[in-house]
Amino acid sequence: MEYKFRDIEKKWQQQWKDKKVYSVPNDSSKPKYYVLDMFPYPSGAGLHVGHPLGYIASDIYARYKRLKGFNVLHPMGYDAFGLPAEQYAIEHGIHPAVSTENNINTFRRQLDNIGFCFDWDREVRTCDPSYYKWTQWIFLQLFNSYYNRSTQKAESITQLIKEFETNGSANEQRSTANSFTAQEWKSFDEATKQNILMDYRLAYCGYGEVNWCEALGTVLANDEVVNGVSERGGHPVVKKKLRQWYLRITEYADRLLEGLERIEFSEAMKEMQSNWIGKSYGAEIDFAIKGFNDKLRVYTTRPDTIFGVDFMVVAPEHELVDKIKSGSQVAAVDEYVTYVKSRSERERMAEKKITGCFTGAYAVNPFDGREIPIWISEYVLAGYGTGAIMAVPCGDERDFKFAKHFNIPITNIIGAAFNGEEANATKDAILENSGFLNGMVMREAIEVVNNKIEEMGIGKKKVNYKMRDAAFSRQRYWGEPFPIQWKNGTAWPLPETELPLLLPEVDSYSPGPEGEGPLANIPEWVAKELETNTMPGYAGSSWYFLRYMDPHNDKEFCSRKVSDYWGQVDLYIGGTEHAVGHLLYSRMWTKALYDLGYIGHDEPYKKLVNQGMIQGSSRFVYRLKLDIMSEEQIALDKLPQIFVSKVVVDEWNIGFKSEDLIDKVKRILSLHLSHDNFKFKIEGFSSFHVDVNMVDGIELDINAFRGWKPEFENATFIFDDYRIDTILLKSGNNSEGFVVGEENDKMGTKYSTGTEVEKMSKSKFNTVNPDDLVNKYGADTFRMYEMFLGPVEMSKPWDTKGIEGVHRFLKKLWRLFYDDLKGKVWNEEKANDAEWKALYKGLKKIEEDTERFSFNTGVSTFMILVNELSDLKCHKKEVLEKLLIALTPYAPHIAEELWSLLGNSGTVLDAAYPAIETKYLVESSKEYPISINGKMRTTINIALDAAQPEVEQIVLANDVVQKWLEGKAPKKIIFVKGKMVNVVI
RNA sequence: GCCCAGAUGGCGGAACUGGUAGACGCGUCAGACUCAAAAUCUGGUAUUCGCAAGGAUGUGCAGGUUCGAUUCCUGUUCUGGGCACCA
């Protein structure tokens, strides 16, 4: 009886589906456990082997927790709004809903193949009106709320209105611009009131810059802009200000930081988030500008260095630039500003080249009256701080390089701590050349300066955040419409009863006028004065984990009772690429919903595990580049493309066997040209991607390659051993071409490809489809192999070859139960101590590995255990069935099949996880490694309870130790009980 | 440029708290079974010197701490991820 994985997997998947074994109740006496995968976008390319990695890991853990007696929620759904579907619609005229639906179906079919334990009754799709109704509803809650800074939480906007009616803006001042008394508030007209409230709402409307492409008439995403031009068509892209919605996430900055201390994210992840939030303590200082009444306000974290300021750098888009540019600098400034407009923020920050332009204006140092030139440069961004910095070249590397580049004299305020070669960012130097700060340690001077500027009224201490409010609108079609109506320039929320505001049908997916989204093309939509922007991709994904709990509720986004039962996601698995986007936004939404009393927890994810990326292992072939000269007419296009193996390419490049290659090329050419009247020169090789599915290991399947594209039909190959293979030889005298290496049959005729590890993508022809592997080896093998590749958190290249080993393991496991010839071999005999020991040693490690998400070592422990049981010829049911339960999370199908064949009733999915009988694991002695000076030389078996004097005696008596001692006494003997012995000579 | 992570045999990786580097698997070599192949099984396989016994070297690179470092510290190189409209 052999292991017929296809039948087995199909059978059990059907039974599990029929019996609804993965259906999860919302109330249970069992403790709850919530395992979540990051929301997938159903892309048109379908799944490749990299996608399911995290799903398999979470599936194993979810199944493991279930066996351990938990009520496990493990849902799946689709983040179905997004740019790719819209782009596809523009190009092919297919409605995004249609292509998305198709993609989802493919996605689902592929997932089902792998045997996941998702409760599909809880599936959600963000593009489904029954889902986005609640996305819109939450948006309205955010719109109708403000952040009360004294209570440090979101509260209803009506609360704020009451506050204004009683106290005016006194307690809730946001900017100096809107300061008013209660009386004044009451006298304001509605539009003014609404304008003021907009400065407080958690979801608010403002103006922001976008990548505007005039030629395409549309706004582009950052990754659609390459080197300042559009990816499609190469048209120029400039910054354009557009009305945009924002989420006031900055108000949550401190709580987002504080919350990190209460959740189990990796330190790296927490660091990335806190760097993104970028809290810094500094000061805002106003500098007078010579000849103007305006002040230049800078933000600095180092007010102590104020006497070292040698120039100012202002963002090129700073509002003062136009005003203060002067004289001969006007033209230069304008030119520079135009240049910067064409640059993306990314390019500006990554630029190594130092650029900038003097404005012609001077600021005045408030303490010593020194005149400081004001420059503009792209490395200062308008959105951060005040958009202007005071540059201290002796203390800041970037300022230093800037000063050097533009020959700006550098003032040294830290004496010997500055060597003139590079800036020194120390806070511990003693200040010099610093007026009233002279002799002070910098660290202490910070507070002194802060007090001084506040006293002088030219500045104040300021906590700053690098994080900006999140842009929450897109000029796109395929997203959630905003439930907002504009009346005379004022935004009004639609009543909740009118939700969902359905996404209308459009004739064309192209952009609307003036950079507006496609919705602006719909007369009825515009007539109703509805908002024409749509929400961004992260809207739906910021709260989906809550909807899974209560997916069919049409009264609420999620009932409080249900969210109180499930609470936080206990385990969240997904990639680091979401580190600062999705993870921060969903944390903010959770906090807002918590503040408003809709849920009972303020951090969505208790523990986060980051999965690494599976990279593609690309394969390359090398086409010969020839320069052929002949006196006769040659039809060059009739010549076949010649592909040279990697081995030959490498040898050519180091000048080895060059004559052999030239010979072969000559041979090929004369065969095809039917004469020898030509000369040629080998100019090199051009490499290009070949589909990995046509390559076994590194060996190219010649016939598959010839059939790949018409131009390769007649391809000629030069193999590793310099044999040649051309269509002419095939049809004619086959042996003729095989000259070199003919005698060496073992080398064969192999074409070795080149390899490189790259991102897995269709365009690189290195994607591997899980369907093919599941079909060939089964889901259980596929699942275990994905895990066996390496640690979940780590990125690693895919290599299909290794899957055989895991498949062999499952067959070997099967043979513990059933032999191909003998049939049933399992029995009901009593197990002996050696068998129990092997089992429990393995199960103990497997449990530990599963608990710490070390699934790769878990799989290898299964292999060791099965190897040991095979060696022990153990076919005993009482041992094997415990193994099966432990295997269930990893390979559920084979486990269920064997479980039922052993005569068990009921599913193995709900069996009790085996407890470890530690009595079989007790050891009395250990094979101690004996080191001499830290180098392992031998091992000695010593009783585990032996104490140091006894051990020393045994060790010193050992021949090997004696040899190394050469009669001398050891200086020291280090003995670590249960670990090792080190003899120091 | 800034932030984060990683680097160990031919390959994926193991070594969990500073204590036997290379578990497990792939590949490969040799052998068994077979008319043959597949499947399966057995054994070898970091490099290097040596017939062997046994040495030497070895965890990206350069230093340091320690009786002992893949593990800790400093510096450095390369690779991957993120940098706010891909999701």
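In what follows, chains carry the letters A, B, and so on, assigned in the order in which the sequence lines appear, proteins first and then strands, with residues in each chain numbered from 1.
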What distance, rounded to whole Å, do you find between the two P atoms, one in B:rG18 and one in B:rA69? 14 Å
Nearest of B:rC85, B:rG12, B:rA5 to any side-chain atom of A:P797? B:rG12
Complementary nucleotide of B:rA7, counting Watson-Crick and G-U pairs under 3.5 Å: B:rU77
Can you work out whether A:K811 or A:L789 has the more 5'-proximal nearest nucleotide on RNA chain B? A:L789
Rounded to whole angstrom units, what separation is found between the NZ atom of A:K646 and the P atom of B:rG10? 16 Å
Between B:rC16 and B:rA23 - C1' atom distance, rounded Å: 14 Å
Report the glycosidic orientation of B:rG63: syn if within 90° of 0, anti in every other case. anti
From NE2 of A:H51 across to P of B:rA87 the rounded distance in Å is 14 Å
Measure from CZ on A:F472 to P on B:rA87 and round the result to the nearest Å. 13 Å
Looking at B:rA39, I'd like to know if its phosphate oxygens (OP1 or OP2) sit under 4.0 Å from a side-chain N or O belonging to A:R808. no
Measure the OG1-CZ distance between A:T534 and A:F81 for me, rounded to the nearest 0.5 Å. 8.0 Å
With a cut-off of less than 4.0 Å, is there a side-chain N or O of A:R852 near OP1 or OP2 of B:rC16? no
Searching all strands shown, indicate the nucleotide that pairs with B:rA69 (Watson-Crick or G-U wobble; both distances under 3.5 Å). none
Could you check whether the side chain of A:Q475 and the base of B:rC85 have a donor-acceptor pair of N or O atoms closer than 3.5 Å, going by distance alone? yes
Do other residues, nucleotides or ligands put more than 12 heavy atoms under 6.0 Å from the NZ atom of A:K240? yes
